[in-house]
Participant: 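One structure is given below, represented as structure tokens, and several questions about it will come after.
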Amino acid sequence: MRSKKYKSDFLVIGSGIAGLTFAIKASRIGSVNIATKKKDFDSNTNYAQGGIASVLAPEDSFEKHVEDTIKAGAGLGKRAAVELLVRSGPDRIRELVEWGTRFSERTLAGGRRVLDLGREGGHSSNRIVHARDLTGQEVEKALLMKVSSIDNIRVFEDHTAVDLLTEHQLPGRKKGRAVHCYGAYILDNTTGVVGTFNAKMTLLATGGVGQVYLHTTNPEIATGDGIAMAYRAGTLIADMEFIQFHPTALYSPQSSGPSFLISEAVRGEGGILLNTRGERFMDKVHPLKELAPRDIVARAMDFELKRHGESHAYLDISFKRKNFLRKRFPHIFERCREEGIDISKEPIPVVPAAHYLCGGVLSGLSGNTSIENLYVSGESACTGVHGANRLASNSLLEGIVFSHEAYLAAGEHIENFNRKDRIPDFPAWDKGGTFDLEEWVLVQHDIEEVKRLMWDYVGIVRSDKRLQKAHERILSLAEDIHDYYKKSTISSRIVELRNLATVAKLIIKSALSRKDSIGLHYNSDHPLPGGRRVRVVLKSGGQPRLMKPDGII
Ligand code: FAD
Ligand code: SIN
């Protein structure tokens, strides 16, 4: 089958909250192609439970949300980005409601209906807008409905972006810096053909990297593709060492696939953590107890499990009425019931799992990156809002806010592009290759090793020795995987394996570059924060560099 060419003003890669909200708005300016590697709803967004943080209560304030965000991020957040995130929040929530999202409400004494605002760790006020414990599903459904009603958006499901179209892809221009992006090579998973998708503005919205760890709450799509593609193209990547581990994934040794999340909102409703002896421990660790920032709770859990050699701890919410739990947490209630746990009668067994990446492709306030025409939003972006640790429920917010900012920049971007730039004639994708079952089995084995390596050596608590070992091993594994990629036929899985190896390398490199402990990065050989507040920035072919928190691109 012959390779096809596609053209649109905007190419959006990914159909989670960041990609869809941008696409809906950008379609007011020009044509939009969305490529998404599985079905349109397959995304981390669809799994989100707790909700979206925003200042909507009269007793809350922007200043409080800004300070909570900066504090959770251990002072490493970029203040200008945090201000934008917080102040734009209420308008973006109203837009989601206008587009059909139905958030949970409650009735005030006078009969007026208002949004029901929940509480999560690190927040000094109730500000979590939610749709029971199925917030992501509700948002994703509304956004997809909206997208389907817009004529100049075309959605390509089962299409995996392989590499960005930059100067590197032009004949005779393999070396040197890429300066512009003109779209991407995208594989049609059904036919196996790679098409050339040209665009004047490309938005990477490919989500997180959870699948690089053995235990993760993230679904299969979270393989860091956008970050790896952008790194290969030469963009700046930052804060990759800051991986958030969620303290409470369901402990379910029999089940495979992503770890089921027990939302922090359960602790927001009063749930307490117990070790297997039935002792509460968070009250000895932090004044906010179970609602301390997530890095502190996850480390306390890790300590507690190791101290007693236990496989799990417990989260107890059984003192609440069954009717309340069923209504507030229908999804969690049901899933636990399937596992034989009645959460209104007994505590839930829980363990930490890799959950969220604070770092990613370094971006400015409009989602702009260090490559022209390339923008990024959502979990694959590093806007700087999270600093060294993300405040709960700030990530869906980040996706809608920075996609909105990218849209605000898009009109002028397209005008400038039409005046000054034009899309070069990129050659059709020409990578050949064969499929060798024997080698495939070996490379699958390699990737399982990468996941275990990351879990054991680059997890909640790190050390110089473990990081060094992980670094040595990842270099050799990544080389094997890269060799296999070069000689094998293209497939979505091999694209993902190559990207997983790349993001693992980026996380390890960044972690090794820090000689301190801050936020989500804890190294037992350097247990204190360093004197200087710095962020680690990576670029392909160069040494890691350090940047001030407010460093701009
Ligand atoms: P995603 O929603 O992950 O979307 C990425 C998209 O890119 C997908 O469509 C994927 O298929 C596509 N894609 C990836 N690679 C490619 C490729 N190569 N080619 C084409 N398409 C590609 N955050 C909150 O703020 N509140 C919460 O309550 C909350 N709960 C969470 C619960 C769980 C279980 C999980 C896993 C996360 C939760 N988060 C929460 C985090 C939040 O869901 C994510 O950070 C956010 O949804 C990311 O949105 P996104 O649009 O950037 O990426
Ligand atoms: C949760 O519901 O605990 C997840 C919230 C988040 O990751 O922000």
Side-chain angles (χ1 to χ4, degrees), residues 11-22 34-54 118 120-123 128-131 133-137 139-140 143-144 155-163 184-187 189 197 203-211 216-229 244 246-249 258-268 294 329 331-332 353-358 360 376-381 386 390-400 402-403 492 495-496 499:
L11 172 65
V12 175
I13 308 178
S15 59
I17 194 167
L20 295 179
T21 53
F22 176 79
I34 303 179
T36 189
K37 69 180 173 182
K38 291 204 166 192
K39 295 297 154 217
D40 53 11
F41 54 83
D42 277 314
S43 58
N44 272 9
T45 301
N46 207 39
Y47 280 64
Q49 293 185 359
I52 312 181
S54 190
E120 285 180 2
H123 289 276
I128 313 298
V129 181
H130 59 95
D133 58 353
L134 287 158
T135 308
Q137 211 179 85
V139 170
E140 183 79 21
L143 294 177
L144 286 171
V155 182
F156 294 78
E157 287 184 313
D158 293 307
H159 275 68
T160 305
V162 179
D163 265 314
Y185 282 126
I186 299 183
L187 167 72
N189 301 338
F197 282 66
L203 182 89
L204 278 178
T206 49
V209 303
Q211 285 291 325
T216 177
T217 61
N218 291 195
E220 280 175 2
I221 54 99
T223 50
D225 296 358
I227 297 167
M229 282 192 283
Q244 187 170 73
H246 199 293
T248 57
S259 309
F260 181 76
L261 183 75
I262 307 295
S263 175
E264 192 153 318
V266 173
R267 279 174 279 140
R294 218 170 264 179
F329 302 115
H331 188 43
I332 294 171
H355 183 61
Y356 182 82
L357 169 70
C358 293
V376 63
S377 178
E379 196 166 336
S380 36
H386 307 305
R390 175 182 64 109
L391 186 64
S393 286
N394 262 356
S395 47
L396 292 172
L397 180 65
E398 185 192 26
I400 29 177
F402 288 92
S403 284
S492 185
V495 168
E496 290 178 338
N499 292 334

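Small disclaimer: the values here were computed from a predicted structure and weren't measured. Just so you know, ligand 1 is whichever comes first in the structure, and atom 1 is the first atom listed for that ligand.
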Participant: Do side-chain atoms of Thr248 reach the backbone of Ile262 as a donor and acceptor pair under 3.5 angstrom?
Facilitator: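 Yes.
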Participant: Is ligand 1 under 4.0 Å from a heavy atom in the side chain of Gln49, in the backbone, in both, or in neither?
Facilitator: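 For Gln49, only backbone atoms sit under 4.0 Å from ligand 1.
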Participant: Taking the non-hydrogen atoms of Thr217, is any one of them nearer than 4.0 angstrom to ligand 1?
Facilitator: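 Heavy atoms of Thr217 do come under 4.0 Å of ligand 1.
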Participant: Could you tell me whether ligand 1 has any atom less than 4.0 Å away from a heavy atom of Thr160?
Facilitator: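 Judged by the 4.0 Å heavy-atom criterion, Thr160 does count as contacting ligand 1.
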Participant: Which ligand 2 atoms are under 4.0 Å away from a heavy-atom of Glu264?
Facilitator: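 Heavy-atom distances to Glu264 below 4.0 Å select 1 (C), 2 (O), 3 (O).
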Participant: Tell me the contacting part of Ala18 for ligand 1: side chain, backbone, both, or neither, using a 4.0 Å heavy-atom threshold, strictly below.
Facilitator: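 Both backbone and side chain.
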Participant: How far is atom 53 (O) of ligand 1 from its nearest protein heavy atom, and which residue and atom is that?
Facilitator: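 Here the closest protein heavy atom is Gly207 CA, 3.3 Å.
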Participant: Which residue holds the protein heavy atom closest to atom 36 (C) of ligand 1, what is that atom called, and what is the gap in Å?
Facilitator: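 Answer for atom 36 (C) of ligand 1: Asn218 ND2, 3.3 Å.
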Participant: With a 3.5 Å distance limit and no angle check, can you tell me whether Glu379 reaches the backbone of Tyr356 through a side-chain donor-acceptor pair?
Facilitator: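 Checked: no pair found.
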Participant: Among Thr160, Ile34, Thr206, Val376, which residue meets the side chain to side chain contact (heavy atoms under 4.5 Å, CB included) test with Ile13?
Facilitator: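 Looking at Thr160, Ile34, Thr206, Val376, the match for Ile13 under the side chain to side chain contact (heavy atoms under 4.5 Å, CB included) is Thr206.
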Participant: Considering only heavy atoms of His159, which atoms of ligand 1 have at least one such atom less than 4.0 Å away?
Facilitator: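 Selected atoms, number and element: 19 (N), 20 (C).
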Participant: Taking only non-hydrogen atoms of Glu264, do any sit less than 4.0 angstrom from ligand 1?
Facilitator: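 The answer is no: ligand 1 sits nowhere under 4.0 Å from a heavy atom of Glu264.
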Participant: Taking all atoms of both residues into account, what is the closest heavy-atom pair of Ile332 and Gln49, and its distance?
Facilitator: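 For Ile332 and Gln49, the tightest heavy-atom pair comes out as CD1-OE1, 3.5 Å.
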Participant: So, regarding Asn44 and ligand 1 (criterion: nitrogen or oxygen to nitrogen or oxygen, under 3.5 Å), is there a contact or not?
Facilitator: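 Yes, since at least one N or O of Asn44 sits under 3.5 Å from an N or O of ligand 1.
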Participant: Arg390 near ligand 1, heavy-atom distance under 4.0 Å?
Facilitator: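 Contact check Arg390 vs ligand 1: positive.
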Participant: Indicate yes or no for a side-chain donor-acceptor contact from Ser43 to the backbone of Phe41 under 3.5 Å, with no hydrogens or angles considered.
Facilitator: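 Looks like yes, one N/O pair under 3.5 Å.
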Participant: Ignoring angles and geometry beyond distance, decide whether Thr45 reaches within less than 3.5 Å of ligand 1 through its nitrogen or oxygen atoms.
Facilitator: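 Yes - when backbone and side-chain N and O of Thr45 are compared with those of ligand 1, one distance drops under 3.5 Å.
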Participant: What do you reckon, does Ile52 have a nitrogen or oxygen under 3.5 Å from a nitrogen or oxygen of ligand 1?
Facilitator: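 There is no such contact.
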Participant: Look at atom 41 (C) of ligand 1 and say which protein heavy atom is nearest, naming residue and atom and giving the distance to 0.1 Å.
Facilitator: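 Nearest protein contact, heavy atoms only, for atom 41 (C) of ligand 1 is Ser395 OG, 3.4 Å.
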Participant: Enumerate the atoms of ligand 2 whose separation from the nearest heavy atom of Ala392 is less than 4.0 angstrom.
Facilitator: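 Listed by number with element, the hits are 8 (O).
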Participant: What atoms of ligand 1 come within less than 4.0 Å of a heavy atom belonging to Thr36?
Facilitator: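 Reading through ligand 1 atom by atom, the close ones are 9 (O), 11 (O), 20 (C), 21 (N).
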Participant: Among all protein heavy atoms, pick out the one at the shortest distance from atom 21 (N) of ligand 1; state its residue, atom name and that distance to 0.1 Å.
Facilitator: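 For atom 21 (N) of ligand 1, the nearest protein heavy atom comes out as Lys37 N, 3.1 Å.
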Participant: Is Glu496 salt-bridged to Lys37, going by a charged N under 4.0 Å from an acidic O?
Facilitator: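 Yes, charged N to carboxylate O under 4.0 Å.
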Participant: Do Gln244 side-chain atoms and Arg294 backbone N/O form a donor-acceptor pair below 3.5 Å?
Facilitator: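 A pair under 3.5 Å: no.
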Participant: For atom 5 (C) of ligand 2, tell me which residue out of Arg267, His355, Arg294 has the closest non-hydrogen atom.
Facilitator: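 Nearest option to atom 5 (C) of ligand 2, by heavy atoms: Arg294.
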Participant: Looking only at heavy atoms of Gly51, does any of them come nearer than 4.0 Å to an atom of ligand 1?
Facilitator: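 Flag set, Gly51 near ligand 1.
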Participant: In the protein, what heavy atom is nearest to atom 19 (N) of ligand 1, and what distance, to one decimal place, separates them?
Facilitator: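 In this structure, atom 19 (N) of ligand 1 has Ala161 N, 2.8 Å as its nearest protein heavy atom.
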Participant: Which of the numbered atoms in ligand 2 are under 4.0 angstrom from any heavy atom belonging to Ser393?
Facilitator: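 By the 4.0 Å cutoff, the relevant atoms are 6 (C), 8 (O).
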Participant: Give the atoms of ligand 1, by number and element, whose distance to some non-hydrogen atom of Ala35 is under 4.0 Å.
Facilitator: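 By the 4.0 Å cutoff, the relevant atoms are 20 (C), 21 (N).
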Participant: How far is atom 7 (O) of ligand 1 from its nearest protein heavy atom, and which residue and atom is that?
Facilitator: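 Going atom by atom, the protein heavy atom closest to atom 7 (O) of ligand 1 ends up being Gly14 CA, 3.1 Å.
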Participant: Please check if the side chain of Asp158 supplies one atom and the backbone of Asn189 the other of a donor-acceptor pair under 3.5 Å.
Facilitator: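 No: the side chain of Asp158 does not pair with the backbone of Asn189.
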Participant: Of all the heavy atoms in Ala205, does at least one lie under 4.0 Å from an atom in ligand 1?
Facilitator: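 The answer is yes: ligand 1 sits under 4.0 Å from a heavy atom of Ala205.
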Participant: Is the closest N or O pair between Leu397 and ligand 1 shorter than 3.5 Å?
Facilitator: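 Such a contact does not occur with ligand 1.
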Participant: Judged by non-hydrogen atoms, does Leu261 sit under 4.0 Å from ligand 2?
Facilitator: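 For ligand 2, residue contact (heavy atoms, under 4.0 Å) with Leu261 is present.
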Participant: Looking only at atom types and distance, does a side-chain atom of Thr45 sit under 3.5 Å from a main-chain N or O of Ile17, one as donor and one as acceptor?
Facilitator: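 It does hold such a pair.
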Participant: Can you list the steps and then say if His355 with Tyr47 is a ring-ring contact (aromatic ring centres under 6.0 Å, His included)?
Facilitator: CA-CA 11 Å; His355 183 61; Tyr47 280 64; over 10 Å; no
Participant: Hey, does Tyr356 come in under 3.5 Å of ligand 1, counting only N/O atoms on both sides?
Facilitator: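 There is no such contact.
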Participant: In ligand 1, which numbered atoms sit nearer than 4.0 Å to a non-hydrogen atom of Glu379?
Facilitator: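 Near Glu379, meaning under 4.0 Å from one of its heavy atoms, ligand 1 has 44 (C), 45 (O), 48 (C), 52 (O).
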Participant: Can you tell me if Thr216 uses its side chain to pair, donor with acceptor, with the backbone of Gln211 under 3.5 Å?
Facilitator: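 Pair absent, no side-chain N/O of Thr216 close to backbone of Gln211.
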Participant: Could you tell me the residue and atom name of the protein heavy atom closest to atom 11 (O) of ligand 1, and the distance to it rounded to 0.1 Å?
Facilitator: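 Of the protein heavy atoms, Asp42 O, 3.3 Å lies nearest.
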Participant: Counting each atom of ligand 2 from 1 as listed, which ones have a heavy atom of His246 under 4.0 Å away?
Facilitator: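 Near His246, the atoms of ligand 2 are 1 (C), 3 (O), 4 (C).
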Participant: For ligand 1, which atoms, with element, lie under 4.0 Å from some heavy atom of Gly378?
Facilitator: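 Going through ligand 1 atom by atom, the ones under 4.0 Å from Gly378 are 52 (O).
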Participant: Closer than 4.0 Å to some heavy atom of Ser263 - which atoms of ligand 2 meet that?
Facilitator: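 Atoms satisfying the 4.0 Å criterion: 1 (C), 2 (O), 3 (O).
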Participant: For ligand 1, is there an atom lying under 4.0 Å from some heavy atom of Gly208?
Facilitator: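 No heavy atom of Gly208 comes that close to ligand 1.
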Participant: For Asp225, counting its heavy atoms only, list the atoms of ligand 1 lying under 4.0 Å from any of them.
Facilitator: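 Every atom of ligand 1 under 4.0 Å from some heavy atom of Asp225: 15 (N), 16 (C), 17 (C), 18 (N).
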Participant: Ignoring angles and geometry beyond distance, decide whether Tyr47 reaches within less than 3.5 Å of ligand 1 through its nitrogen or oxygen atoms.
Facilitator: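 By distance alone, the answer is no.
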Participant: Enumerate the atoms of ligand 2 whose separation from the nearest heavy atom of Arg390 is less than 4.0 angstrom.
Facilitator: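 Listed by number with element: 6 (C), 7 (O), 8 (O).
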Participant: Can you pull out the closest protein heavy atom to atom 33 (C) of ligand 1? Residue, atom name and distance to 0.1 Å, please.
Facilitator: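 So the nearest neighbour among protein heavy atoms is His355 CE1, 3.5 Å.
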Participant: With respect to atom 30 (N) of ligand 1, which of Ala353, Ala48, Ser263 exhibits the smallest heavy-atom separation?
Facilitator: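 Answer by nearest heavy atom: Ala48.
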